[in-house]
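This report refers to the structure that appears directly beneath it.
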Amino acid sequence: MLLLLIGCIILFKQYPCLVIKISGLPNEIENKINYYNENILFIYGPICAECSSGETLYSFRKKDNILFIVPYSLNLNDINNMKELFLLKGEIMYGDNDTESLLKKFAKCLRIDEWKRNYVVKTKRNKKIFDVKQF
Amino acid sequence: MNKKMKIILVIMLIYLVKLEAFAQVGLLIKKDAYPKKSGDHDFKPLIDFQIEDSYLYAVENLSHKILIFSIFNGLNYVKFIGIPGRGNGEINLPTAISICDGKIAIKDDNAFSFFSLEGKFINEFKTYSSKRQFTFTQGKIFWFNSNPEDGHLIEVYSQEGKRLFVFGEKFISLNFSNFKGLGAFSVEKFAYDGKLLSDNEHVYYINKSLGNLIKFKLDGSKVLEANIGKIFENLGEKATEMNKLWMEKGIDIEKEKGIFRYYPIFVDAYLFENEIYLADTGRIPGETTGNEVVNFVALDKNTLKPNRKYELRKEKNDNVICFAVAKEKKALAFIVCMRTDDRSSVIEYREKN
């Protein structure tokens with residue numbers, strides 16, 4: 001009985017993360033990634049070069065097997081300046097409403113109040129989500 | 001002439017040369033201050049000043065606001081600009097201000113935002129570095145180049161955020177692998193901390209850690225170079241020496257208990273008419289208590305050589321954070337942000353006749 005109770009608690013706590021892993025990525029993003037796209041970076045939060053967020057982004061410099069997804073509020077100049085500063089080589093695309101829904105699920109899984117943050121997502125070969133981290 | 005006489009003559013000669021360097025030493029006297037009484041605006045830290053016409057625009061960092069004061073006929077608070085936030089037209093932790101052709105450019109933690117002098121939002125573009133040194137002139141933003149892998153010193157952006165060109169050369173040799181727990185962006189932020197000033201024809205970059213002062217034309221061609229390390233005598237020389245040490249040897253930030261010890265030569269600089277004004281820190285590098293005097297030096301913007309020096313007497317615990325210079329009825333006014341412990345105040349000083 002106790003084991004069942006513990007199991008239920010774990011399932012309840014892990015449910016938001018399980019949903020992400022089962023449901024996967026929105027079609028538009030899934031179509032963009034190839035099996036070798038191991039990382040997807042969602043840049044919806046502030047990025048500061050001198051902070052850990054900037055250092056994380058900089059660690060992906062010159063790698064071309066990364067998909068960057070940004071909100072519509074960034075214009076072309078903003079995106080180019082980000083690419084220039086962090087030497088980003090991967091493809092950059094705009095997210096949509098489905099992306100925002102996914103980020104809200106990420107926030108629930110990671111227990112973050114504000115969903116507009118930066119996330120790095122590792123994908124499996126079958127394009128399903130393997131791991132999500134906030135940066 | 002015996003040996004003693006020769007020594008005395010040499011000492012007198014050195015003293016005369018020093019006097020010649022600052023032929024005029026003025027004393028700055030307090031004229032007015034704000035807050036004046038209880039109930040006046042209580043400041044969060046003010047960190048940058050700019051004067052336009054007869055108004056002072058003061059960056060109040062933690063409240064996400066730009067405060068506006070009228071400065072002649074006494075210091076009086078008028079109003080503020082800024083809605084806190086990271087959206088369009090909002091300001092989040094502003095750090096620097098520059099005004100050109102009736103437009104205010106504000107650097108905050110993630111964007112450059114542009115406002116009219118009345119505070120009406122015009123546009124903004126995102127940035128990804130917290131580096132604050134910039135100047136807004138001829139409709140362009142001249143900003144310190146943040147990319148550690150790019151050897152150019154300054155990058156230029158249009159008001160819309162298009163990166164136009166880069167110029168100048170980074171001049172400090174840094175081995176980023178010597179810095180543990182500190183990324184390349186942060187190391188450069190300290191090494192190249194300084195001030196960018198403009199007079200609509202030239203851009204002046206003044207480095208706080210080594211004292212390099214470089215004058216460029218707006219197209220990026222170098223005009224003149226000097227070093228301001230020695231104008232603050234032993235204070236500047238000691239700061240330069242100590243900064244060179246960490247640049248060469250590197251730092252393990254964990255061993256330093258998370259504190260990066262960096263020693264600026266000057267706290268702030270301001271360009272007014274034909275002179276660049278610099279204020280020293282009023283503090284011997286590495287020592288906790290300050291001096292009772294802060295020195296302001298006026299450099300000729302054409303020759304980059306010192307013209308005059310002003311002394312501002314203060315309490316040991318007072319710190320000058322930033323300042324701006326204006327002229328009223330041919331008399332120079334220094335508007336200074338002074339911080340004592342957690343309290344900031346705006347003080348107007350005038351040269352004693």
Side-chain angles (χ1 to χ4, degrees), chain A residues 41-64 66 68-95 99-100 103-104 107 112-120 133-135, chain B residues 85-93 95 107-113 123-133 141 143-150 152 155-166 176 179-193 253 258 260 262:
Chain A
L41 269 67
F42 294 86
I43 302 166
Y44 275 67
I47 293 282
C48 155
E50 293 81 16
C51 316
S52 63
S53 62
E55 283 178 21
T56 304
L57 197 56
Y58 195 56
S59 68
F60 291 102
R61 68 186 178 278
K62 296 175 186 172
K63 291 180 182 172
D64 54 11
I66 295 161
F68 298 93
I69 298 168
V70 299
Y72 270 111
S73 59
L74 292 193
N75 65 36
L76 208 58
N77 284 334
D78 295 335
I79 293 169
N80 282 339
N81 293 337
M82 181 164 61
K83 284 175 86 169
E84 187 82 38
L85 179 61
F86 296 103
L87 307 169
L88 305 179
K89 283 251 168 140
E91 191 179 341
I92 296 184
M93 66 176 275
Y94 283 117
T99 312
E100 290 187 3
L103 297 195
K104 284 171 189 165
I112 306 164
D113 293 333
E114 169 65 55
W115 64 272
K116 283 184 180 175
R117 298 285 171 97
N118 305 306
Y119 305 90
V120 54
K133 281 195 178 96
Q134 188 214 330
F135 71 96
Chain B
R86 287 200 164 97
N88 245 359
E90 296 171 339
I91 304 173
N92 193 65
L93 299 172
T95 52
K107 172 75 182 80
D108 74 1
D109 74 339
N110 83 133
F112 278 105
S113 301
N123 76 301
E124 70 163 39
F125 69 87
K126 299 278 178 212
T127 61
Y128 304 96
S129 164
S130 62
K131 289 190 179 73
R132 55 182 290 216
Q133 58 270 46
I141 293 284
W143 192 31
F144 175 76
N145 177 17
S146 301
N147 187 342
E149 291 192 20
D150 185 342
H152 293 100
E155 49 189 349
V156 185
Y157 290 86
S158 69
Q159 194 186 311
E160 291 71 38
K162 187 174 170 55
R163 196 171 187 256
L164 301 172
F165 62 98
V166 286
F176 297 121
F179 294 85
K180 308 275 183 280
L182 211 60
F185 288 105
S186 302
V187 175
E188 278 211 338
K189 184 181 173 180
F190 287 111
Y192 287 97
D193 187 15
I253 205 76
F260 190 102
Y262 141 74

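Note: hydrogens, waters and symmetry copies are ignored here, and every other heavy atom, side chains too, is used.
- The side-chain contact (heavy atoms from CB on, under 4.5 Å) search around B:Glu90 returns B:Ile83, not counting sequence neighbours.
- The salt bridge (Lys or Arg N to Asp or Glu O under 4.0 Å) pairs that include a residue from residues 48-58 of chain A are A:Glu50-B:Lys131, where partners are two or more places apart or lie in different chains.
- A donor-acceptor pair under 3.5 Å is formed between the side chain of A:Asp78 and the backbone N or O of B:Lys126.
- If you measure heavy-atom distances from B:Arg163 to chain A, the contacts under 4.5 Å come from both the backbone and the side chain.
- By the 30° and 60° cut-offs, the orientation of the rings of B:Phe260 relative to B:Phe179 is parallel.
- For B:Lys189, the part sitting under 4.5 Å from any heavy atom of chain A is the side chain, from C-beta outward, and nothing else.
- In terms of heavy-atom pairs under 4.5 Å with chain A, the best-connected choice from B:Gly183, B:Ser186, B:Ser130 is B:Ser130.
- Both the backbone and the side chain of B:Glu160 come within less than 4.5 Å of a heavy atom of chain A.
- In this structure, A:Tyr72 and A:Tyr94 have parallel ring planes: the angle between them is below the 30° cut-off, well short of the 60° mark.
- Side-chain contact check for B:Asn92 and B:Asp108: no donor-acceptor pair (N or O, by modelled atom type) lies under 3.5 Å.
- Per-residue counts of heavy-atom pairs under 4.5 Å with chain B were compared for A:Leu85, A:Leu87, A:Leu74, A:Asn80; the largest is that of A:Leu85.
- For B:Thr127, the part lying near chain A is the backbone, with the side chain staying farther off; criterion is any non-hydrogen pair under 4.5 Å.
- Counting heavy-atom pairs closer than 4.5 Å to chain B, the top-ranked of the candidates A:Asn81, A:Ile47, A:Ile79 is A:Asn81.
- With a 4.5 angstrom heavy-atom cutoff, B:Glu149 touches chain A via backbone and side-chain atoms both.
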